[in-house]
Asks: 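Below is a structure I'd like to ask you about.
In what follows, every chain begins at residue 1, and chains take the letters A, B, ... in the order their sequences are listed.
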Amino acid sequence: MSKELLSWYDNNKRSLPWRRDKDPYKIWISEIMLQQTQVTTVIDYFNRFISRYPTVEALANGTEEDVFKLWEGLGYYSRAKNLIRCAYQIVNEHKGVFPKDVEALKQLPGIGPYTAGAIASIAFDLPEPAVDGNVLRVISRLNCLSEPINENKHQMLYKQKTIELMSERPSDFTQAMMELGAMICTPKSPRCSNCPLSERCCSFKQQTQLNYPVKIKKIKQREERVGLAIVVSGQDVMLIKHETTGLLANLWGFPRTTLDDLSKLPFEKQVQNHLEQELDFKPEFSHCMVGKPHVFTHIKWQTILCFFHTDVKISSEIPKVEWVNLSDIDLKALPTALKKQLNIISKEIEEI
DNA sequence: AAGGCGGGGAG
DNA sequence: CTCCCAGCCTT
């Protein structure tokens, strides 16, 4: 079976920037970027990142601000935070060389069971399984496994089934499994007629491909109204750097507060109070308007933009505050939820 | 074991 | 719309 798989991979693999060599540094960067993120999205980010930080030493000497800027828009920003910590540890605790041992890899920040297996197999050609969403889908369909893939107690089962398939080319095997999951064994409409394994696939024989993989429950999304304070001073707007934990941690943004629908206070008062409590700052209120909504995995944001103006450009270290010309705002790492408000904001500011 | 954490593409 | 994605970390 693995022979068929590898042969298919040899003939059909995509040419991707992180497949040009087996540099563990590049494999690592690509694997972190690819967590919960699709290949097409990652390619440009990867190329930009590697040309700026070609080695782990370069990255260990980089600034957090610059790395976040490179990560802007990619999401799951704790990955960027851990990236620097990890580079630093590799340089200072591993003499700049990636450990070849899976357990040692897992000790590094941001590297879990999947990524450890991926680096060990892809970069070092060690027979370590790397079980991600693609592999889970392929394995569960191949074997008609109904054990929910998102229950911890079944991790070993899927890992074991992956090891059973593994060939003498671990690096190519790991990539082939994921390539198959991404190109052929897709979630909604698998291309079984082009699949090298269909003849030996349990769910194909039964025509039950779409019954797999089995997953339990789903997270309920909550709705929130969020008030954003747009404080204008001349040509500049106030930005704050958000706290180090929680939603959008470490990114720049506008002061924000979750609005209470049941409160007797109008929205602008709630935003005003937030500014006063957080920054001891009372700029002059102008007006509020509805902003663009934004959907996260677990939250739906209805944004309310509240405009203020001031002659006093306050400064603060906790949280960090900066005043930025709207045309220079691209220099800061802003989450997409806020970037999509910028058009509205610049129009409003012109009218003030 | 559960929940938090982004954003984009597919259907 | 809903689901999914080369997951990890904290609690």
Asks: Under the rule for salt bridge (charged side-chain N to carboxylate O under 4.0 Å, His left out), what residues qualify as partners of E179(A), not counting sequence neighbours?
Replies: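 E179(A) satisfies salt bridge (charged side-chain N to carboxylate O under 4.0 Å, His left out) with R14(A), R19(A) only.
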Asks: Give every pair of a protein N or O atom and an N or O atom of nucleotides 8-11 of chain B that lie under 3.5 Å apart, one pair per line with the distance.
Replies:
{"unit_1": "dG9(B)", "atom_1": "O4'", "unit_2": "Q38(A)", "atom_2": "NE2", "d": "3.3"}

Asks: Taking only residues two or more places apart in sequence, or in another chain, which ones meet E103(A) in a side-chain contact (heavy atoms from CB on, under 4.5 Å)?
Replies: D101(A), K106(A)
Asks: Write out a two-atom table: protein N or O, nucleotide N or O from nucleotides 8-11 of chain C, distance below 3.5 Å.
Replies:
{"unit_1": "dC8(C)", "atom_1": "OP1", "unit_2": "G112(A)", "atom_2": "N", "d": "2.9"}
{"unit_1": "dC8(C)", "atom_1": "OP1", "unit_2": "G112(A)", "atom_2": "O", "d": "3.4"}
{"unit_1": "dC8(C)", "atom_1": "OP1", "unit_2": "T115(A)", "atom_2": "N", "d": "3.0"}
{"unit_1": "dC8(C)", "atom_1": "OP1", "unit_2": "T115(A)", "atom_2": "OG1", "d": "2.7"}
{"unit_1": "dC8(C)", "atom_1": "OP2", "unit_2": "Y114(A)", "atom_2": "N", "d": "3.4"}
{"unit_1": "dC9(C)", "atom_1": "OP1", "unit_2": "G110(A)", "atom_2": "N", "d": "2.5"}

Asks: F296(A): what forms a ring pair (Phe, Tyr, Trp, His ring centres under 6.0 Å) with it, not counting sequence neighbours?
Replies: H294(A), W301(A)
Asks: With sequence neighbours excluded, give me every disulfide (SG to SG under 2.5 Å) pair touching residues 131-175 of chain A.
Replies: C144(A)-C202(A)
Asks: Could you work out, with side-chain contact (heavy atoms from CB on, under 4.5 Å) as the rule, every residue matching Q36(A), not counting sequence neighbours?
Replies: Y76(A)
Asks: Test of understanding: with ring pair (Phe, Tyr, Trp, His ring centres under 6.0 Å), list the residues that count as partners of Y114(A), not counting sequence neighbours.
Replies: none
Asks: Among residues at least two apart in sequence or on other chains, which ones pass side-chain contact (heavy atoms from CB on, under 4.5 Å) with V312(A)?
Replies: T310(A), I314(A)
Asks: Hey, can you pull the residues of residues 117-143 of chain A with a non-hydrogen atom under 4.0 angstrom from DNA chain C?
Replies: D132(A), G133(A), N134(A), R137(A)
Asks: Only pairs at least two apart or in different chains count here, so list each salt bridge (charged side-chain N to carboxylate O under 4.0 Å, His left out) that has a residue in residues 241-254 of chain A.
Replies: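 Qualifying pairs, neighbours excluded: E64(A)-K241(A), E65(A)-K241(A).
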Asks: What ring pair (Phe, Tyr, Trp, His ring centres under 6.0 Å) pairs are there with at least one residue in residues 79-110 of chain A, not counting sequence neighbours?
Replies: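 Output for this query lists W28(A)-F98(A).
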